[in-house]
Every structure is written in C-alpha cells, then in structure tokens.
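Below is one structure, written out as structure tokens; comments come after it.
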Amino acid sequence: MSDTTILSSGGGDYAALLSSLDSGSAQTEYEVLRLMRRCAASFDFAHFMIARLPGGDRQSFAERLVLSSWPAELVQRYDAADLFPVSRLVSSVRRTKLPLFQNTQSLLGREGQAFEPADCLTLGEPDSPRPPSGTFAALFHTTYGEPFMVTLTGTRAAPGQLEAAGLYYLLLSLFERLESTMESTNPVREKLSAREVECLRWAAAGKSSDEIAIILDISAYTVSSYFKSAARKLDAVNRMQAIARAMRLKII
C-alpha cells in the first residue's frame, strides 16, 4: 500500500512534499518554511513550530524558535508567562521517542499543576470560533545530539497509526533538510584559535574543565575563557551547543 493511500488527510500533496525533499529543492530556511506550511495545511493543521528544547541556559522561547507560524502576540505571551521550560508540552515530548497527539490546552499548561484553562494560551484557527483540539508533537535530534521539538496544532481529530507514522517521517525529512540549511547558513564568524579547538576537542571526549586544565597545563579559569570565546564565535549559548556546532562544522 502506498503512502498516499495510507495518508488520506495528506492527500496527493504528501508524495509531492516527499519528492521536493528527496530532490533537494529546499536549500534555504525560507524554502523549508514554505514546505512546513504546505505540510501543516495538507494534514489540516492550523499552526506549526520547530524549537530547540530548553537546556541549562535561560534563552527565551522566542530565541529558541527556529521556524513557526504562531502569531507574534502568542509568542510574546508565552514568553512573558515563562511557560516553555516548565510546560507539559516539553515534558510530554521528553518522555517518549514516539510522536504524540494530546489536547493543546493541557499541553500548554504547566507541568505538575492541575489544569486551569485560564492558565493556558490559545492557538485558534484564524477564522474558526473553536479552540484547537489537539497538537501533534515529536522530538528530533540533530546529527550531533541537539534536541528539537516539532509541533502541528489544529482542530482536526487525532491521526491513526499509519497516518501518524507517515506524518512523523515527513516531519523528520523536513527537519533533516532544515538542519542542512542551518549548517550552510551559519558559518563561523571568526576563526577559532588552536587552544579553543583543543578545549572543545577534550570536552567532546568527556573531560571536565579541571581535567583539561591539567592536560593543557593552564588554569581552569583560562579553560573557561576559551570556552566562552569559542561559544561566542560559534554563536552558541553554552558549552554543549558549542561542541555540537564545532562537530557539525567538522572543526573537531
């Protein structure tokens, strides 16, 4: 049975989307954005989002968004409520390797708290009086381990197993294409020094700052300084992201 037969909601556009991805026609972030819009519309979803999952840093939700059709006002409200790091959405996605489909309003609430509709934000369709009934969400990792969450939100019913599997594969293909565009459009702004590369390489091997200091015969403070400058040059927010980007760019 073909994918287009299985994925009735995606219709003929499912094969066309896969063909666009297989042909490598999406070479820029804008082209991936257009394909994400087509994907969401083809499966009767109103909004989509691709965002880096929260880590040890304190980046805002807006800073973590990579691609999104969320209304700007909603993004601002979500940030102001500081929901992303503690949301049920993030917690639910972290606990499974499978895609999930859950009530959007409860997913946008805080983890560990009783559901209060007033505490949640609304992702309604532009011309629909009904609130969205559900969110399809999946966890993806870049080649070097950075976790991202992809969501589709709308008023449609939950997809069946076969449709969910096909949609998951399509989103994975879109995410892989997006990662390729991020690699090509984020060159290192400044060349890393030999010491910065050494520190990143040893950290990638699992060494702590103190251990790296002993290996390189420098102080732990100096090691920390090298990590900070390397992270700045790599446009990373922390050490782990700097290591991941250095590996992705084949610096280490």
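Quantities reported herein were computed from a predicted structural model and do not represent experimental measurements. Only this structure's heavy atoms are used, side chains among them; waters, hydrogens and symmetry mates stay out.
- Residues passing the salt bridge (charged side-chain N to carboxylate O under 4.0 Å, His left out) test with R34: none are found, sequence neighbours excluded.
- Shown here for T181 and L178, the closest heavy-atom pair between the two residues is OG1-O, 2.6 Å.
- Remark: S224 engages no residue in a side-chain hydrogen bond (donor to acceptor under 3.5 Å, both in side chains) (not counting sequence neighbours).
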- Item | Pair R37-E31, salt bridge (Lys or Arg N to Asp or Glu O under 4.0 Å): steps then yes or no | CA-CA 10 Å; R37 289 188 187 280; E31 290 168 339; over 6 Å; no

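- Under the rule for a side-chain hydrogen bond (donor to acceptor under 3.5 Å, both in side chains), S225 has no partner lying at least two apart in sequence or in another chain.
- With values rounded to the nearest 0.5 angstrom, L83 atom CG is found 10.0 Å from L89 atom CG.
- Side-chain contact between R245 and D235: present, with at least one pair of heavy atoms (C-beta onward) separated by less than 4.5 Å.
- Under the 4.5 Å side-chain heavy-atom criterion for grouping Ile, Leu, Val, Met, Phe, Trp and Tyr, V223 is not connected to I214 through any hydrophobic cluster.
- Partners of S173 according to the side-chain hydrogen bond (donor to acceptor under 3.5 Å, both in side chains) rule, which considers only residues two or more places apart in sequence or in another chain, do not exist here.
- A donor-acceptor pair under 3.5 Å is absent between the side-chain atoms of S68 and the main chain of L65, judged by distance alone.
- In this structure a side-chain-to-backbone donor-acceptor pair under 3.5 Å is present from Q241 to V237.
- Taking CD of Q161 as the reference point, atom CG of L98 lies at 10.0 Å (rounded to 0.5 Å).
- Of the inter-residue distances, the one linking Q76 atom CD with F61 atom CZ reads 12.0 Å to the nearest 0.5 angstrom.
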- How far apart are the C-alpha atoms of E146 and H141, what are their side-chain angles, what is the distance that settles it, and do they pass the side chain to side chain contact (heavy atoms under 4.5 Å, CB included) test? CA-CA 5 Å; E146 289 182 272; H141 290 83; over 6 Å; no

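- When all heavy atoms of L53 and R64 are compared, the closest pair comes out as O-NH1, 2.8 Å.
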- Given side chain to side chain donor-acceptor pair (under 3.5 Å), test S91 with R95 step by step and report yes or no. CA-CA 7 Å; S91 180; R95 288 197 294 259; 2.6 Å; yes

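- Between F136 and L167 there is a side-chain heavy-atom pair separated by less than 4.5 Å.
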- Task: With side chain to side chain contact (heavy atoms under 4.5 Å, CB included) as the test, would you mind laying out the steps for F140 and V93 before giving the verdict?
- Result: CA-CA 10 Å; F140 296 120; V93 167; over 6 Å; no

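- Residues satisfying the side chain to side chain contact (heavy atoms under 4.5 Å, CB included) criterion with E198, sequence neighbours excluded, are R195, L216.
- Taking OG1 of T142 as the reference point, atom CD of E179 lies at 5.0 Å (rounded to 0.5 Å).
- Qualifying salt bridge (charged side-chain N to carboxylate O under 4.0 Å, His left out) partners for R38, counting only residues two or more places apart in sequence or in other chains: D13.
- For F48, the ring-ring contact (aromatic ring centres under 6.0 Å, His included) criterion is met by no residue, not counting sequence neighbours.
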- Task: Determine, step by step, whether T153 and T135 satisfy the side chain to side chain donor-acceptor pair (under 3.5 Å) criterion, reporting the C-alpha distance in whole Å, the side-chain angles of both residues, the deciding distance to 0.1 Å, and the verdict.
- Result: CA-CA 4 Å; T153 302; T135 290; 3.0 Å; yes

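- Take F148 and apply the ring-ring contact (aromatic ring centres under 6.0 Å, His included) test, not counting sequence neighbours, and it matches F175.
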- Item | Criterion side chain to side chain contact (heavy atoms under 4.5 Å, CB included) on L139 and T96, from CA distance to verdict | CA-CA 8 Å; L139 174 66; T96 180; over 6 Å; no

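- Closest non-hydrogen pair, G134 versus F101, comes out as CA-CZ, 3.7 Å.
- Considering only heavy atoms from C-beta on, C39 comes within 4.5 Å of L170 through its side chain.
- Side-chain atoms of R52 do not come within 3.5 Å of backbone N or O of P147 as any donor-acceptor pair.
- Remark: side-chain polar atoms of R156 are paired, donor with acceptor, to backbone N or O of F43 under 3.5 angstrom.
- For the pair K191 and K233, the tightest heavy-atom approach, listed with the atom from each and the gap, is O-NZ, 3.1 Å.
- For S209, the side-chain hydrogen bond (donor to acceptor under 3.5 Å, both in side chains) criterion is met by R239, not counting sequence neighbours.
- Atoms CZ and CZ, from F227 and R232 in turn, are 15.5 Å apart once rounded to the nearest 0.5 Å.
- Each salt bridge (charged side-chain N to carboxylate O under 4.0 Å, His left out) pair with one or both residues in residues 202-228, not counting sequence neighbours, would appear here, but there are none.
- Counting heavy atoms from C-beta on, the side chains of M36 and L171 come closer than 4.5 Å.
- Closest approach of S219 to T222, counting heavy atoms only: OG-OG1, 2.8 Å.
- Applying the side chain to side chain contact (heavy atoms under 4.5 Å, CB included) test to A246 and every residue at least two apart in sequence or in another chain returns L200, L234, I251, I252.
- The aromatic rings of W70 and Y78 sit perpendicular, their planes meeting at an angle over 60°, well past the 30° parallel limit.
- Panel note: side chain H47, backbone S69; a donor-acceptor pair is recorded below 3.5 Å.
- Rounding to the nearest 0.5 Å places CD1 of I50 at 8.5 Å from OG1 of T151.
- Taking all atoms of both residues into account, the shortest heavy-atom contact from P85 to P54 is CA-CG, 3.7 Å.
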- Query: Where do W202 and Y226 land on the ring pair (Phe, Tyr, Trp, His ring centres under 6.0 Å) test, with the steps shown first?
  - Reply: CA-CA 12 Å; W202 282 115; Y226 282 133; over 10 Å; no

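- A62 pairs by the side chain to side chain contact (heavy atoms under 4.5 Å, CB included) definition with S60, V75, D79, not counting sequence neighbours.
- For the pair M49 and V150, the minimum side-chain heavy-atom distance is 4.5 Å or more.
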